[in-house]
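Numbered from 1 within each chain, the chains take letters A, B, ... in sequence-line order.
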Amino acid sequence: MSNKLVIYNTLTRKKELFEPLNPPFVGMYVCGPTVYSDVHLGNCRTFVSFDLIYRYLLHLKYKVRYVRNITDAGHLEGDRDEGDDKFSKKARLEQVEPMEIVQRYTIGFHDVMNLFNTLPPSIEPTATGHIAEQIEMIKEIIENGFAYEKNGTVYFDVEKYSKDHNYTILTNRNLEELLANTRDLGGQDEKHGRLDFALWIKAKSEHIMRWPSPWGWGFPGWHIECSAMSSKYLGETFDIHGGGMDLAATHHTNEIAQSQACNHSQPAKYWMHTNMLTVNGARMSKSAGNGFLPHELFTGSHPLLSRGFSPMTVRFFMLQAHYRSTLDFSNEALEASDKGFKRLMAAYGLLGKLKTSERSEVDVAAIRERCYDAMNDDFNSPIAIAELFEAVRIINSIYDGKTAATAQDVAALKSLMDDFVFDILGLKEEHAQTEDISHIMDFIIQLRHEAKLSKDYVTSDKIRNGLQALGIQLKDGKEGTTWTKA
RNA sequence: GGUCGGAUGGCCGAGUGGCUAGGCAGAGGUCUGCAAAACCUCCUACAGCGGUUCGAAUCCGCUUCCGACCUCCA
C-alpha cells in the first residue's frame, strides 16, 4: 500500500504517481512565512497541510528532508520593485530594529506552529543568512544572459527568458496576453519589460537592511531566496516544492525561471499548492483585513466567534477538508468539528476498556486499507477521517457490548488509531493533565456509585452537575462510568 | 477585461458515469433512577436549461451566480 501514492502536480495539472528522484530520500521545500507580522489562520492552514504531507511521507518510511524558509528580508510592499521592504516599514512604525521585528514574529510563528502540533522542518533557513548564495545565483543568471543591472538594481529579463523557455508553465497563462494586460508602470521605469522582476534591489540611503554586492549596497528580491536556499539544501532538482496557491502565479513562476536560467533545470519534480481559507466565501488575507489571528481563535475574542476553539479542534477542522479545496471558516463549522473531534478522542480513550471475546464481527484491516487508499489518493484526509469514524462506531459498539471483537481486533483498532489519528493526522490529546487526576476521578465516581446504589440521587446528581460545571462530563455506561473533559 | 477554479441536503465537507462518504444539527427508538454519552433507524442533496448515454451530481454545451490569480499576501 505504501508504493501507490499519487500526488496532484500543478506543473502537469494532473495526479501523478509519486516516484522520488532518489528513494528512499525525499526532498521537500515549502515557502514559509514572511515574518513582519503575526501569522493568521490562512497561513497556518498551509503549514498544517504540509505537515500532514510530511507526516504521511515519514509514515511511508521515506527519509524526508523538509526545508521551510523564513523570509526575513527583501519582501517589498508593492509590485514596483521600489520603496520599502516590509520589515523596514514595520520597524519604523514601531521604532525598533528590523531584526527585532524578525525575531519577534519568528518566535510567534514557532509558538503557533507548536500549538498546532506541526513537526518542525528539517532545516529552516533564513533569507538574511543566505545573502552570499543569492548573490552568487544572481551573478550566474547575469552571466547566462537572463538578467541585467540598472543603477544598482538587477532585473530578470522575462521576455528573453521566454524565448527559449515556457515562463508560464505553472499556470498555463498566455504570455502574450499577460504582456498586454500587465499594468503600465509609468514613464521612469528602469525595467526593459513589464514582467521583469528584481533579483537585487539597490538600497536607498535610509535603508537599514542592506548588504554589499557587485552592484553596490542593496538587498535581495523576494523570489531569489527560495531558489538559492532550495538548491543549496536539496539540490538543483528535488522532489516536492510546495506553498499556498496564491504563490503559484508570481513567486513560483519566477522561482522556476530563476532556476532554469541559473541551473538549466526544473527545480522540482512535483509542485503542490494548498488552497485558501475563506471567511464568508472570501479569501482570508492580511491586506483584506479579514484575517483571524490564532489567539483570537483560541480565546474566542474574534467578533465572528461565540467562544474559543482549541488548536486541535482547528487542526481537525482543517483536515476535514482536502488541502486543494477552499475551506470556509465559520463559528458553526468549528462547533461541528469540535464535537466530532471530541467524539473521536473519547472513542480512543475507551480502547483500554473494551471487553474482548472469541468471536469477531469486525474487519479492522479493511478500514486500515481504506485509510491508506484515501491518503494515497493525493492525501485525502477527509476520507481517511470518515473511515476513522467507522472505527469510532465500532469501538463504541464493542464498549456497549453490541459488537463482538477479539483481542487482536482491539489491538488492530488501537494500532489504526495510533497510526492515523496521532502519527499521520498529527492530532493529540489536549488535556495532558488528564492522567494526573484519573485516580481522583475514580474515587469520585466510586462515591457517586455508592450514592446511586442507596438511591441517593440528590447526592449523585449533585456530583454529576458539580463536575459538569468544572468541565468534566460523566458518562454512565453498562461497564461503569467514564468521564471526559469538555 | 484575461486566465483558472467552483456552485452538493439546515451547516461544514468527500465523491468524476450505475453501488448515492463522514462530521455537526434535526426526528424517532434502545439503554438509563433521570440526564448525558453510546448504539439503531429516519431526514437521501447535487445552481438552472438543454444534450450524450440503457443509465449523469459525475461527460458536453449554454445560462446565472461565486471565488482565486493577473498587484504584497500561505
Closer than 4.0 Å, any side-chain N/O of A:K475 to the OP1 or OP2 of B:A38?
-> no
Select from A:M245 and A:K15 the residue whose nearest nucleotide in RNA chain B is closer to the 5' end of that strand.
-> A:K15
Go through the structure and list residues passing side chain to side chain contact (heavy atoms under 4.5 Å, CB included) with A:D38, not counting sequence neighbours.
-> A:Y105, A:L293
Under a 4.0 Å N-O cut-off, is there an ion pair linking A:E159 with A:R194?
-> no
Note: A:V39 and A:P33 closest approach over all heavy atoms is CG1-CB, 4.3 Å
To the nearest 0.5 Å, atom CD1 of A:I394 lies from atom CG of A:L354 at 11.5 Å
Answer with base, sugar-phosphate or nothing: what part of the nucleic acid does A:F389 contact at a heavy-atom distance below 4.0 Å?
-> sugar-phosphate
P atom, B:A74 versus B:C4: distance in rounded Å?
-> 26 Å
If you measure from the P atom in B:G17 to the same atom in B:C12, how many Å do you get, rounded?
-> 26 Å
OP1 or OP2 of B:C4 less than 4.0 angstrom from a side-chain nitrogen or oxygen of A:R13, does that happen here?
-> no
Would you mind classifying the nucleic acid contact of A:S460 as base, sugar-phosphate or nothing, using non-hydrogen atoms under 4.0 angstrom?
-> base
Pairwise P distance, B:A57 and B:G1 [rounded to whole Å] | 32 Å
Nearest-Å distance once atom P is located in both B:G29 and B:G6 = 44 Å
Return the value, rounded to whole Å, for the distance between atom CG of A:L334 and atom P of B:A25.
-> 14 Å
Contact nearer the 5' end of RNA chain B, comparing A:G340 with A:F47 = A:G340
When the distance from CG of A:N166 to P of B:U3 is rounded to whole Å, what number comes out?
-> 17 Å
Separation of B:U30 atom C1' from A:D476 atom CG, nearest Å, is 16 Å
Of the nucleotides B:A25, B:G33, B:A21, which one has an atom closest to the side chain of A:A386?
-> B:A21
Test of ring centre spacing under 6.0 Å for A:F116 and A:F50 = no
Distance-only donor-acceptor test, A:N275 side-chain atoms vs B:A68 base atoms, 3.5 Å = no
Those residues at least two apart in sequence (or on a different chain) that pass ring-ring contact (aromatic ring centres under 6.0 Å, His included) with A:Y8 are none
Stepwise, does the side-chain hydrogen bond (donor to acceptor under 3.5 Å, both in side chains) test hold for A:N254 with A:Y167?
-> CA-CA 8 Å; A:N254 291 343; A:Y167 176 68; 2.5 Å; yes
Who are the side-chain hydrogen bond (donor to acceptor under 3.5 Å, both in side chains) partners of A:S381, not counting sequence neighbours?
-> none
Checking all strands, does A:E335 fall into the base, sugar-phosphate, or nothing category for heavy-atom contacts under 4.0 angstrom?
-> nothing
Rounded to whole angstroms, how far apart are CD on A:E255 and P on B:A74?
-> 13 Å
Sequence neighbours excluded, which residues qualify as side-chain hydrogen bond (donor to acceptor under 3.5 Å, both in side chains) partners of A:R45?
-> none
Does a nitrogen or oxygen in the side chain of A:N396 sit under 4.0 Å from OP1 or OP2 of B:A38?
-> no
Check whether the ring centres of A:Y29 and A:H241 lie less than 6.0 Å apart, and answer yes or no.
-> yes
Per-residue pairing states of RNA chain B in dot-bracket (Watson-Crick or G-U under 3.5 Å; . unpaired, | other strand) read (((((((..(((.....[...))).(((((.......)))))....(((((..]....))))))))))))....
Considering only atom P, compute the distance from B:U44 to B:G5 and round it to an integer number of Å.
-> 34 Å
Contacts of type side-chain hydrogen bond (donor to acceptor under 3.5 Å, both in side chains), residue A:S227, not counting sequence neighbours | A:Q258
Can you find an N or O donor on one side and an acceptor on the other, under 3.5 Å apart, linking the side chain of A:R343 with the base of B:A38?
-> no
All N/O contacts under 3.5 Å from nucleotides 11-14 of chain B to the protein, with atom names and distances to one decimal?
residue: B:G13; atom: OP1; partner: A:D328; partner atom: N; Å: 2.8
residue: B:G13; atom: O2'; partner: A:Q320; partner atom: O; Å: 3.3
residue: B:A14; atom: OP1; partner: A:H322; partner atom: N; Å: 2.6
residue: B:A14; atom: OP1; partner: A:S325; partner atom: OG; Å: 3.0
residue: B:A14; atom: O3'; partner: A:N380; partner atom: ND2; Å: 3.4

Can you check the A:L350 CG to B:A37 C1' distance for me, whole Å?
-> 10 Å
For A:D363, what residues pass the side chain to side chain contact (heavy atoms under 4.5 Å, CB included) criterion, not counting sequence neighbours?
-> A:A365, A:A366
Whole-Å P distance, B:G15 and B:G50 | 29 Å
If you check every side-chain atom of A:K339, which of B:C34, B:A37, B:A25 has the closest atom?
-> B:A25
Is there side-chain contact between A:T274 and A:F47, with heavy atoms separated by less than 4.5 Å?
-> no
Rounded to whole Å, the CG-C1' distance (A:D456 to B:C34) equals 14 Å
A:M345: side chain to side chain contact (heavy atoms under 4.5 Å, CB included) partners, not counting sequence neighbours = A:F341, A:V421, A:F422, A:E429
Separation of A:D400 atom CG from B:A36 atom P, in whole Å?
-> 15 Å
Could you state the interatomic distance from CZ (A:F317) to CG (A:L297), rounded to the nearest 0.5 Å?
-> 9.5 Å
Could you check which residues of residues 446-455 of chain A get a heavy atom under 4.0 Å from RNA chain B? Sort them by number, please.
-> A:R448, A:K452
With C1' as the reference atom in both, quote the distance from B:C65 to B:C49 in angstrom, rounded to an integer.
-> 15 Å
Consider the side chain of A:A249, meaning its heavy atoms from C-beta on, and name the nucleotide among B:C70, B:C39, B:A74 that approaches it most closely.
-> B:C70
Quick one: list whatever passes side chain to side chain contact (heavy atoms under 4.5 Å, CB included) with A:K452, sequence neighbours left out.
-> A:R448, A:Y457, A:S460, A:D476
Across the strands shown, which category fits A:G477 at heavy-atom distances under 4.0 angstrom: base, sugar-phosphate, nothing?
-> nothing
Can a salt bridge be assigned to the pair A:R370 and A:D373 using a cut-off of 4.0 Å between side-chain N and carboxylate O?
-> no
Considering only atom P, compute the distance from B:U63 to B:C70 and round it to an integer number of Å.
-> 27 Å
Protein-nucleic acid N or O pairs under 3.5 Å, nucleotides 27-29 of chain B:
none

Starting at CH2 of A:W271 and ending at C1' of B:C4, how long is that distance when rounded to a whole Å?
-> 18 Å
